[in-house]
Structure formats: structure tokens, C-alpha cells
Number of protein chains: 2
Amino acid sequence: MRRQEAEALILSAAEKVFAEAGFGGATMQLIADVASLPKANLHYYFPTKENLYRQVVQNIFQIWLQAADIFDQADGPAEGIGAYIDAKMEISRRHPEGSKVWAAEVMHGAPVIQDYLETTLTDWTNGRIAVIERWIAEGRMDPVDPRHLLYMLWATTQHYADFGHQIETLNGASPLTDAQWDAAKANVKRIILNGIGANDLS
Amino acid sequence: MRRQEAEALILSAAEKVFAEAGFGGATMQLIADVASLPKANLHYYFPTKENLYRQVVQNIFQIWLQAADIFDQADGPAEGIGAYIDAKMEISRRHPEGSKVWAAEVMHGAPVIQDYLETTLTDWTNGRIAVIERWIAEGRMDPVDPRHLLYMLWATTQHYADFGHQIETLNGASPLTDAQWDAAKANVKRIILNGIGANDLS
DNA sequence: GGCCATCCTGACCGTATGGTCAAGTTCAGA
DNA sequence: TCTGAACTTGACCATACGGTCAGGATGGCC
């Protein structure tokens, strides 16, 4: 197997196991089983458990950041924030494991990616705040606190991944259907866009 | 030491350690150190680590449910949902560890409290949905999907506890001040209540 | 075929962890 | 003061875990 394939296979298995069991609860043996590889083989590609974990988290952060591009390409709050919500909801749907690993990492004080929070995430956040403040100054949305608006966007969209099990249970133990996902997206967009006075009409 | 005091002391230490390290990452030795008790003493009151964890999670669920009472005592959406947001934000502020333990438990598939999700939480949710549907029928708020509205309330309020570390980092590595907490509450209430057409005016 | 770098893996090791236990200590009540 | 139930704890044990390693397999290239 080529190095690239092997690493991708291991990273995928690791993401799943870390999401389900947490860093402490995950074992290299279990990750190896999920990847159908001997445990020693994992240590050939990733020297330590922590190193493997670090790469999983970094991969997630990249996906996370990509969704941000949409924000900038829009020329107004209804379009920009609406598209951002769509993108993040789609990530919650397609990469729930990654979202969970990220959530657990942050919940435990971000021991591994604290530097990302302080640099990349801080810069990204400040950039978006500037955009939102411009929209507010232009009278295209209500004067809400941009920072708390961003927190609300993150919280609401990631909730569908991080608390997916709870939502599924409350949905009669069935995963959300396509229609239900659409309804979720529509409701989130409707309430938030309406809540900040950024309807398509404005 | 009386049984009650000892158990409360251990539960408090356990909540802290489980929140910071997760179930797998927490060790009985560390919990014992935080509680300033010998490890063997923990096993006198709580036979196993899993048993101790279970009780921690159950305690959190109780606090969680208490905040729900406010919902019912209100006679309209602006008052009811507003008070519920206040109550849950206050819980995020006062019991962030508990919120984190709960989040981790659900994220990992609720291995310990699945039965609570299926019984108590399902009943509670259905009850609140009925209330919201009545408000909608009475024209006191927009016809949003009550289920997704509840998810949004949970997500937004609990985010301030679960992702408190991220928020603190983005706040210049400082905990939110009293004024900032008030601003957070006000923003959440404003956007959501406005978003569902439940202003005080209506 | 011969060579070499890369890849693979069963067997092994030191350590840390959850849990046990037997020998104490404390203290309320008779 | 005596008794016994509740509580405390240092020492100990079996297990499971992360990580190592030496020897072997593979495959591209001359």
C-alpha cells in the first residue's frame, strides 16, 4: 500500500474511533481493528497516539475553514450567512465524526490545537466580524453583536453533528431523512436571518 | 465524614475531572487527588468508576430538567422562551463542567443515559412541542418547527459552556465578564425571539 | 537475478489503571 | 468502658495499554 492510502485509511478509522470513544477511551488496537491493520503498522505511519490524534484534528480544522470562503464571496448578510449556514449544516451531515472530535478537543481545553485557536481561528473570526459590522453599518441587518452571532451560527449548525445521537433518539431512533435535513436547514436559516433583520426583502 | 458529605465531595471532584478529561481520560487516582481522599476511599462509596460516572450524569440531568419548569409557568412565547434562555444560560455559566460531561456522554452515543433520552427527555420534549404549537395556533409567534426551535435553544445556550474555552480564547484569553454574559444573553434572546416573531409587542 | 528502500507484523516490555483486601480507626450508644 | 457498625487506607494484584523491535515480505530498478 502506498504511504498516502495507508495514512488516509488510518486517519479515517481514527476519526471514527476518537469520535465515539474520546481520546482517552480510544485505543490503538481498536483503531487498528477498524482499519483492518495490525497495531504495529499504525505505529509505522504515526509514531504515537497523540501524533495520530493531532493529525485528525488538523484535518477537521481544514474542512471547517473551507466552509468560511462562502462567507466572503457574498455581497450581503442574507446570502452570506445563509450560505454559511447551509455549508456548515452540510458538514454536520457529512462529517459528524470530525465535528465530534473537534468538540471534544475544545471541551477538554484544546490541549492539542490551542495555537490554532489563538492564531488562525482568531484571525478568521476578526475578519468575519469586520464583514458583519460593515453590513450593519450599511443598514442591511440589525445591529447585533457580531461575535455572539458567530457563536450562534457555530452552535446551531454543529449541534446537528455533536448531538446527532440525541436528535436521532428524539426522532424515533431514526436518522433524519433528506426532507428532515432540509427542514432543519430551512428553520435555522429562517429564524436566524429573520432574527437579525436580514430577510431577502431588505 | 458523613456519607452524604463524602459522596457530594467525590461527585463534585468527579464532575470536574470527567469534564476535563472525558470518561476514558479520567482516572480514579486523579479524582481522588482532587477530592483530597485516598483512592481506596472512593471505591468504598462508589464501587466502580462507571457507577460514579453514572451518578454524575444523573445529577446533571436533574439540573437540566429543573430549568424546564420556567417554560410552563409562562403564558406566552416571549416570556416563556426568554426565561428558558436565561435559565439555561445561567446553568452554562454556573455549571459548565456538568454541561460538558453531558455533551460528551451524548456525543459518545449516550451509553449510560440512553434510557433517559428515550423516556424522560422524549416526554419532556413532546410536552414543550405541544406548548409551542399552541402558541403558534394562537398566532403569538411564527409557525416555525417547534422541534428545531428547541434544538436551537439547547445548542445556543449550551455552547457557552461546552465551547467556553474557545469563547474565552477568542475573548483574549479572559473569561467573560458579567457585562459580557449579559450581552450574550441579550443577543441570544433578541435574535431568537425576533426570529420567531415573538417580540414583547406581539 | 541481485540489491535496496520501503513496508509489514508477531512477540514482547514497562507502566498505569481499576479494583481488592485486610488491618486498622472512629464514634455513637448501651 | 465495652461493643460493633461505619469508615479509612496503604499495599497489593491482574490486566490492558502505548510503544518497541527484530526479522521478514514486497517491489521497483539496474
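The model shown is predicted, which means the values in this text are computed figures rather than measured ones. Every chain is numbered from 1 and lettered A, B, ... according to where its sequence line falls, protein lines coming before strand lines.
- Between D:dA6 and B:Arg3, no contact under 4.0 Å exists linking OP1 or OP2 to a side-chain N or O.
- Applying the 4.0 Å criterion to OP1 and OP2 of D:dA6, one finds that B:Tyr45 has every side-chain N and O outside that range.
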Quiz: residues 94-105 of chain B side-chain donor-acceptor pairs under 3.5 angstrom, not counting sequence neighbours:
{"residue": "B:Arg94", "atom": "NE", "partner": "B:Glu90", "partner atom": "OE2", "Å": "3.1"}
{"residue": "B:Arg94", "atom": "NH2", "partner": "B:Glu90", "partner atom": "OE2", "Å": "3.3"}
{"residue": "B:Ser99", "atom": "OG", "partner": "B:Asp162", "partner atom": "OD1", "Å": "2.8"}
{"residue": "B:Glu105", "atom": "OE1", "partner": "B:Tyr53", "partner atom": "OH", "Å": "2.6"}
{"residue": "B:Glu105", "atom": "OE2", "partner": "B:Val112", "partner atom": "N", "Å": "2.7"}
{"residue": "B:Glu105", "atom": "OE2", "partner": "B:Ile113", "partner atom": "N", "Å": "3.1"}

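- Residue pairs meeting the salt bridge (charged side-chain N to carboxylate O under 4.0 Å, His left out) criterion with at least one member in residues 164-178 of chain A, sequence neighbours excluded: A:Arg93-A:Asp178.
- Residues passing the side chain to side chain donor-acceptor pair (under 3.5 Å) test with B:Glu118 are B:Gln114, sequence neighbours excluded.
- Residues forming a side chain to side chain donor-acceptor pair (under 3.5 Å) with B:Arg190 (at least two apart in sequence, or on another chain): none.
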Can you tabulate the close N/O pairs, meaning under 3.5 Å, that link protein atoms to atoms of nucleotides 9-11 of chain C?
{"residue": "C:dT9", "atom": "OP2", "partner": "A:Asn41", "partner atom": "ND2", "Å": "3.4"}

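- If you take CD1 of A:Ile10 and C1' of C:dC7, they are 11 Å apart, rounded to a whole angstrom.
- Counting to the nearest Å, the P atom of C:dT20 and the NE2 atom of B:His43 are 7 Å from each other.
- A heavy atom closer than 4.0 Å to some atom of DNA chain D occurs in A:Ala26, A:Thr27, A:Met28, these being the qualifying members of residues 15-33 of chain A.
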Counting only pairs under 3.5 Å, give me each side-chain donor-acceptor contact of residues 19-30 of chain B, with atom names and distances, residues two or more places apart or in other chains.
{"residue": "B:Thr27", "atom": "OG1", "partner": "B:Leu30", "partner atom": "N", "Å": "3.0"}
{"residue": "B:Gln29", "atom": "NE2", "partner": "B:Asp33", "partner atom": "OD1", "Å": "3.1"}

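- Applying the salt bridge (charged side-chain N to carboxylate O under 4.0 Å, His left out) definition to pairs two or more places apart or across chains, those involving residues 54-65 of chain B are B:Glu50-B:Arg54.
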Pairs under 3.5 angstrom only: tabulate donor-acceptor contacts from the side chains of residues 59-77 of chain A to other protein residues two or more places apart or in another chain.
{"residue": "A:Trp64", "atom": "NE1", "partner": "A:Gln158", "partner atom": "OE1", "Å": "3.2"}
{"residue": "A:Asp72", "atom": "OD1", "partner": "A:Arg128", "partner atom": "NH1", "Å": "2.6"}
{"residue": "A:Asp72", "atom": "OD2", "partner": "A:Arg128", "partner atom": "NH1", "Å": "2.4"}

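- Between A:Tyr160 and B:His148, the distance separating the two ring centers is shorter than 6.0 angstrom.
- Under the rule for a side chain to side chain donor-acceptor pair (under 3.5 Å), A:Asn187 has no partner lying at least two apart in sequence or in another chain.
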Listing, residues 149-157 of chain B side-chain donor-acceptor contacts under 3.5 Å, not counting sequence neighbours, or none:
{"residue": "B:Trp154", "atom": "NE1", "partner": "B:Tyr84", "partner atom": "OH", "Å": "3.0"}
{"residue": "B:Thr156", "atom": "OG1", "partner": "B:Met152", "partner atom": "O", "Å": "2.3"}
{"residue": "B:Thr157", "atom": "OG1", "partner": "B:Leu153", "partner atom": "O", "Å": "2.7"}
{"residue": "B:Thr157", "atom": "OG1", "partner": "B:Trp154", "partner atom": "O", "Å": "3.3"}

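- Of the residues in residues 46-58 of chain A, those with a non-hydrogen atom less than 4.0 angstrom from any atom of DNA chain D are A:Thr48, A:Lys49.
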